[in-house]
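Given the structure is predicted, the values throughout are model-derived calculations rather than measurements. Order of the sequence lines fixes the chain letters, A, B, ..., with proteins taken first and strands second; residue numbering starts at 1 for each chain.
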Protein chains: 2
Amino acid sequence: MKISPAEAVVMEVLWRASPRTAEEVFAEVGGPQRWTEATVKTLINRLLKKKAVAAERDGRRYLYRPVLERAAYIRGESQSLLDRLFDGRLAPLVSHLSQSRALSPEDMAELKRLIEEMDE
Amino acid sequence: MKISPAEAVVMEVLWRASPRTAEEVFAEVGGPQRWTEATVKTLINRLLKKKAVAAERDGRRYLYRPVLERAAYIRGESQSLLDRLFDGRLAPLVSHLSQSRALSPEDMAELKRLIEEMDE
DNA sequence: CACCAACGTTTACTCATGTAATCGATACAT
DNA sequence: ATGTATCGATTACATGAGTAAACGTTGGTG
């Protein structure tokens, strides 16, 4: 099941560290996002329904942990962008981004390194 | 204004060739998408409201052309993916994709070429 | 000139999403 | 033991998106 951008923000928190209580998730995300705790709970609930997170009872509360892995999520998103806009090919994406925004020297260096090691 | 995935499909048609009538857009996209002509018209109208396409009267019908440029759209989408998932950096994206799916030799070759020429 | 076909415009309806308040159960403090 | 604070669950509501039918207008045809 597809997870929405707002839900992904919650996932990011859980991917950084889990398990977490709803309150902890809220503590980490409420500020930047200006969400109330109710909103965070709704999002967690939707993620439960979508089986993207699992809950484990811990006394009076629950501890939540990701079920969907970050790598899988990222892969899906990247893939779909690539397919929708670049005919599934990586080179045009890189080409486009390298033109439209300056790459930092570190990025350049890392890219180079990547290409080399992929070459083996 | 943000354009939706379905709307983007219509934009793609217009980016390939324009101006086009609604019927022509439908002809090109209706099949693969299993949309009726009514649906295509709704999408065109929403794109008009969003100023992503412009219409020019041609007798009893209109000819539509893109106002939003493909490059700008692609840039926005790629940028937002990069920011959301890869902290705005290109290298991690490439790294991820190169692991999760095999790059074709041509893709590899082109990437290499890109990196080299960006290096100047 | 009356009618019909072809357009674009308006309206419709369902589902997902963002955002949040309310409800109901329950553990703890007094 | 009872009230209260605290959880999660349920309900709410507006907006956008996907999908499409109905409507109104206008130009062409018989």
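- Mapping B/Ser4 and A/Glu23 onto DNA chain D via the closest heavy atom, the residue that lands nearer the 5' end is A/Glu23.
- Looking at heavy atoms from C-beta onward, A/Lys51 lies out of side-chain contact with A/Met1 at the 4.5 angstrom threshold.
- Relative to the side chain of B/Arg60, the nucleotides C/dT17, D/dT19, D/dT26 differ in distance, and D/dT26 lies closest.
- Here the side chains of B/Leu43 and B/Val9 are not in contact, with every heavy-atom distance at 4.5 Å or above.
- Note on A/Lys50: a side-chain N or O is less than 4.0 Å away from OP1 or OP2 of C/dT17.
- C/dG8 atom P lies 8 Å from atom CD of B/Glu37, rounded to whole Å.
- When each of D/dT26, C/dA20, C/dG8 is scored by its nearest atom to the side-chain atoms of A/Thr36, the top-ranked nucleotide is C/dA20.
- The base of C/dA20 is paired with the side chain of A/Thr42 by a donor and an acceptor separated by under 3.5 Å.
- Picking from C/dG8, D/dA20, D/dT19 the nucleotide with the shortest atom distance to the side chain of B/Leu43 gives D/dT19.
- Contact of the A/Tyr64 side chain with the A/Ile44 side chain is registered, since non-hydrogen atoms from C-beta on lie closer than 4.5 Å.
- Closest-nucleotide positions on DNA chain C for A/Gly59 and B/Asn45 were compared, and the one nearer the 5' end corresponds to B/Asn45.
- Not one side-chain nitrogen or oxygen of A/Thr39 sits closer than 4.0 Å to the OP1 or OP2 atom of C/dG18.
- Nearest nucleotide to the A/Arg46 side chain, out of C/dA5, D/dA20, C/dG18: C/dG18.
- Checking C/dA27, D/dG18, C/dG8 against every side-chain atom of B/Pro5, the shortest atom distance belongs to D/dG18.
- Side chains of B/Glu106 and B/Glu110 form no contact here, defined as non-hydrogen atoms less than 4.5 Å apart.
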